[in-house]
Amino acid sequence: MNAKKIFFDTNTLLYLLSSDNNKADWISQNLQQSNVISVQVLNEFTFASLRKIKISNTELDEFLDLFKSTFSVRAIDLETFDTGLMVSRRYGYQHYDAMIIASALQAGCERLYSEDMQHRQIIDKRLQIVNPFI
């Protein structure tokens with residue numbers, strides 16, 4: 001049986017850098033090879049880690065290496081953009097959130113973990129948004 005694909009939004013991965021041990025532990029325990037992120041998530045994680053949380057480049061590189069070796073990382077292309085535009089218009093999500101959703105759809109994920117999107121919403125009858133901390 002194939003493992004179910006789950007997409008992680010940036011905000012969930014940032015808990016690995018937080019003092020909230022329960023959420024950080026949950027994220028650590030749920031990092032699996034069948035899970036997916038996009039290059040956009042890597043970009044957002046990099047920005048937030050360096051600018052807001054202010055970790056070192058060495059620490060950042062360790063996390064990026066972990067993500068690249070653990071997750072299937074999706075590129076952002078014109079198809080992603082077009083799908084994201086449709087998601088934004090149909091469901092009312094901001095552009096960058098819609099690009100995350102589009103990447104999850106394209107990867108065939110059945111679940112998207114995010115704290116910033118509507119919990120339990122179903123997108124395109126195949127992707128459910130889940131806040132894993134509710």
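This structure is a prediction, so every number in the text was calculated from the model and none was measured.
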Please tell me whether [X] and [Y] are part of a single hydrophobic cluster in this structure, the criterion being side-chain heavy atoms less than 4.5 Å apart.
X: Leu42; Y: Ile53; result: yes
X: Ile100; Y: Tyr91; result: yes
X: Phe8; Y: Val39; result: yes
X: Leu66; Y: Leu14; result: yes

In residues 121-131, what donor-acceptor pairs under 3.5 Å come from side-chain atoms, sequence neighbours left out?
{"from": "Gln121", "atom 1": "OE1", "to": "Tyr93", "atom 2": "OH", "distance (Å)": "2.5"}
{"from": "Asp124", "atom 1": "OD2", "to": "Arg126", "atom 2": "NE", "distance (Å)": "3.0"}
{"from": "Asp124", "atom 1": "OD2", "to": "Arg126", "atom 2": "NH2", "distance (Å)": "3.0"}
{"from": "Arg126", "atom 1": "NH1", "to": "Leu105", "atom 2": "O", "distance (Å)": "3.3"}
{"from": "Asn131", "atom 1": "OD1", "to": "Phe133", "atom 2": "N", "distance (Å)": "2.9"}

Do any side-chain atoms of residues 57-64 form donor-acceptor pairs under 3.5 angstrom with protein atoms, and if so which ones, sequence neighbours left out?
{"from": "Glu59", "atom 1": "OE1", "to": "Ser56", "atom 2": "N", "distance (Å)": "2.9"}
{"from": "Glu59", "atom 1": "OE1", "to": "Ser56", "atom 2": "OG", "distance (Å)": "3.2"}

Distance (rounded to the nearest 0.5 Å) between [X] [atom1] and [Y] [atom2]:
X: Glu44; Y: Asn11; atom1: CD; atom2: CG; value: 8.5 Å
X: Asp97; Y: Gln118; atom1: CG; atom2: CD; value: 12.0 Å
X: Ser72; Y: Lys5; atom1: OG; atom2: NZ; value: 6.5 Å
X: Gln106; Y: Met99; atom1: CD; atom2: CE; value: 9.5 Å
X: Asn35; Y: Phe67; atom1: CG; atom2: CZ; value: 12.0 Å
X: Asp65; Y: Ser69; atom1: CG; atom2: OG; value: 7.0 Å

Using residues 23-31 as the side-chain source, report each donor-acceptor pair under 3.5 Å to any protein atom, sequence neighbours left out, with the distance given to one decimal.
{"from": "Lys23", "atom 1": "NZ", "to": "Tyr15", "atom 2": "OH", "distance (Å)": "3.4"}
{"from": "Lys23", "atom 1": "NZ", "to": "Glu115", "atom 2": "OE2", "distance (Å)": "3.4"}
{"from": "Ser28", "atom 1": "OG", "to": "Ala24", "atom 2": "O", "distance (Å)": "3.1"}
{"from": "Asn30", "atom 1": "ND2", "to": "Trp26", "atom 2": "O", "distance (Å)": "2.7"}

If we ignore hydrogens and angles and just use 3.5 Å, is the side chain of Ser49 paired with the main-chain N or O of Thr46 as donor and acceptor? no
Apply the test side chain to side chain contact (heavy atoms under 4.5 Å, CB included) to residues Leu50 and Lys54: give CA-CA distance (whole Å), side-chain angles for both, the deciding distance (0.1 Å), then the verdict. CA-CA 4 Å; Leu50 294 174; Lys54 300 192 185 294; over 6 Å; no
Quick check: do Leu13 and Ile37 have side-chain heavy atoms less than 4.5 Å from each other? yes
Answer yes or no: is there a side-chain heavy-atom contact under 4.5 Å between Phe81 and Ile76? no
Test log, rule side chain to side chain contact (heavy atoms under 4.5 Å, CB included), inputs Met117 and Leu112: CA-CA 9 Å; Met117 299 180 201; Leu112 166 59; 3.7 Å; yes
Please say whether more than 12 non-hydrogen atoms of neighbouring residues, nucleotides or ligands are located less than 6.0 Å from CD in Glu110. yes
Scan side-chain atoms only and decide if Ser103 and Gln40 contain a donor-acceptor pair under the 3.5 Å cut-off. no
Check whether the side chains of Asp77 and Thr80 place a donor and an acceptor atom closer than 3.5 Å, and report yes or no. yes
Do the two ring centres, one from Tyr113 and one from Phe7, sit under 6.0 Å apart? no
Ignoring hydrogens, what is the shortest heavy-atom contact between Ser114 and Pro132? Give both atom names and the distance. N-CD, 4.1 Å
Do you know the tightest heavy-atom contact between Ser38 and Val73? C-CG1, 4.0 Å
